[in-house]
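All chains are named by letter (A, B, ...) in the order of the sequence lines, taking the proteins before the strands, and each is independently numbered beginning at 1.
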Amino acid sequence: MDFIIPVPEAFNFSHCVSYLRRSPKELLHVFEGDTLIKVIRASGHSVLFSVRYLTGEGIRVDMITPRKTALVSAVEKYVREWFDLDTDLRPFFEMASKDKLLKPLAAQYYGYRIVGLPDLFESLVWAVIGQQINLGFAHTLKQRFVEHFGERLTIRGATYYLFPEPGVIAQLHPEDLLTLQFSRQKSRYIIGLARAFASGEISREKLQAMEPGERMETLLSIKGIGSWTANYVLMRTFRYPEAFPLGDAGLNTALRRLLKLDRKPTSAEVQRIFQRYRGWEAYATLYFWKSL
DNA sequence: CGCCAGGTTAGAG
DNA sequence: CTCTAACATGGC
């Protein structure tokens, strides 16, 4: 059972996939050659599917198991969000082609899009894990977290993981995560997040229904979620093109190199540069990250 | 050993 | 409101 999702203008599957290949520690999807395989939860099922790119046609999705027609729309919706298929990036590239800093990046990585994180709990936890540590270590922590607490499926001899459920993490004590080398602070934040999701206090659906201002306020009211994390999540989960993780270490490093500074740029300098990307800050950030 | 890494918080001024 | 120490640990 398979179907094809047409892709929009200014879309490059390979560039998006290279992002998904950036860590060998990633357990939440698997590559078999050029085919990408993943499990998601939909309507109470663990749904295993694969995607690959067919030149001139689009993204081909194969339902592996269960092969139920009723689950097709959930998988299609997931893939659309995952690969950012519903954003018209033509205005961004038009703007980037006239910008000294972005032009070479936009040309080299044309069609690269923000790989989404449709699951809000996963998105928040991943952002918290990534706070203040290098990305390699962040991937190590996530790997341990998923291995220890995520649901595991074995199909035809291969193992696939789901991101841990809030209900499972909500029952942990900080010590359980300290053992995995999470800091006490991260442990508290993550368990707190899990409890808020498990109790229903926070959910993607609730935040989705809010006005942008209230959504931002709600995110910032959560312990462990500051401005950087809130913007990261608005970028990857809620797809705000104007989300802007100001202060991001990677963005600072990228700008430092591109501007040939002998120090990291100040927050004021970054803000001044980004004035010209107004409305597209998330994508400008994405391309600066890509330059690393 | 020192400093930085996809920061946030609580407390002081 | 702004500034700062503390938080923990890997990697260079």
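- One interatomic measurement links the two molecules: NE2 of A:His139 to P of C:dG11, which rounds to 14 Å at whole-angstrom precision.
- Spacing between atom CD1 of A:Ile190 and atom P of B:dT9 amounts to 14 Å, rounded to whole angstrom units.
- Straight-line distance from the CG atom of A:Leu292 to the P atom of B:dC4: 17 Å, rounded to whole Å.
- For the segment residues 213-229 of chain A, the set of residues with a heavy atom within less than 4.0 Å of an atom of DNA chain B comprises A:Ile222, A:Lys223, A:Gly224, A:Ile225, A:Gly226, A:Ser227, A:Trp228, A:Thr229, in numerical order.
- Using P as the reference atom, B:dG11 and C:dA8 are 16 Å apart when rounded to the nearest Å.
- Using a cut-off of 4.0 Å between Lys/Arg side-chain N and Asp/Glu carboxylate O, A:Arg80 and A:Asp86 are scored as salt-bridged.
- The cationic group of A:Lys77 does not satisfy the cation-pi geometry with A:Trp82, failing either the under 6.0 Å distance to the six-membered ring centre or the 45° limit from the ring axis.
- Figure legend: A:Lys38 and A:Phe49 shown without cation-pi pairing, the cationic atom not lying both under 6.0 angstrom from the six-membered ring centre and within 45 degrees of its axis.
- Scanning for side chain to side chain donor-acceptor pair (under 3.5 Å) contacts around A:Tyr53 gives an empty result, with sequence neighbours left out.
- Within residues 123-134 of chain A, the residues approaching DNA chain B are A:Gly130, A:Gln131, A:Gln132, A:Ile133, A:Asn134, by heavy-atom distance under 4.0 Å.
- Taking atom NZ of A:Lys186 as the reference point, atom P of C:dA6 lies 19 Å away to the nearest angstrom.
- Following chains of ILVMFWY side-chain contacts shorter than 4.5 Å, one can reach A:Phe92 starting from A:Leu101, so the two form part of one hydrophobic cluster.
- One interatomic measurement links the two molecules: CG of A:Leu141 to C1' of B:dG7, which rounds to 15 Å at whole-angstrom precision.
- Note on A:Glu26 versus A:Arg21: no salt bridge recorded, every NZ/NE/NH1/NH2 to OD/OE distance being 4.0 Å or above.
- Contacts classified as salt bridge (Lys or Arg N to Asp or Glu O under 4.0 Å) and involving residues 172-182 of chain A (residues at least two apart or in different chains) are given here: A:Glu175-A:Arg184.
- Put simply, A:Leu48 and A:Ile59 are part of two different groups of oily side chains (I, L, V, M, F, W, Y) that touch within less than 4.5 Å, one to the next.
- The CD-C1' distance, from A:Gln185 to B:dA5, rounds to 15 Å in whole Å.
- A:Leu178 places its CG atom 8 Å from the P atom of C:dT9, with the value rounded to the nearest Å.
- Counting non-hydrogen atoms under 4.0 angstrom, A:Tyr19 reaches a base of the nucleic acid.
- For A:Asp262, the side-chain contact (heavy atoms from CB on, under 4.5 Å) criterion is met by no residue, not counting sequence neighbours.
- Residues from residues 251-271 of chain A lying near DNA chain B, meaning a heavy-atom separation below 4.0 Å, are A:Thr253 in numerical order.
- A straight line from CZ of A:Phe137 to P of B:dG7 spans 14 Å, rounded to a whole angstrom.
- Salt-bridge check for A:Arg256 with A:Glu269: failed, with every basic side-chain N at 4.0 Å or more from each acidic carboxylate O.
- Test A:Glu205, A:Lys206, A:Arg204 against A:Gln208 for side chain to side chain donor-acceptor pair (under 3.5 Å) and you get one pass: A:Arg204.
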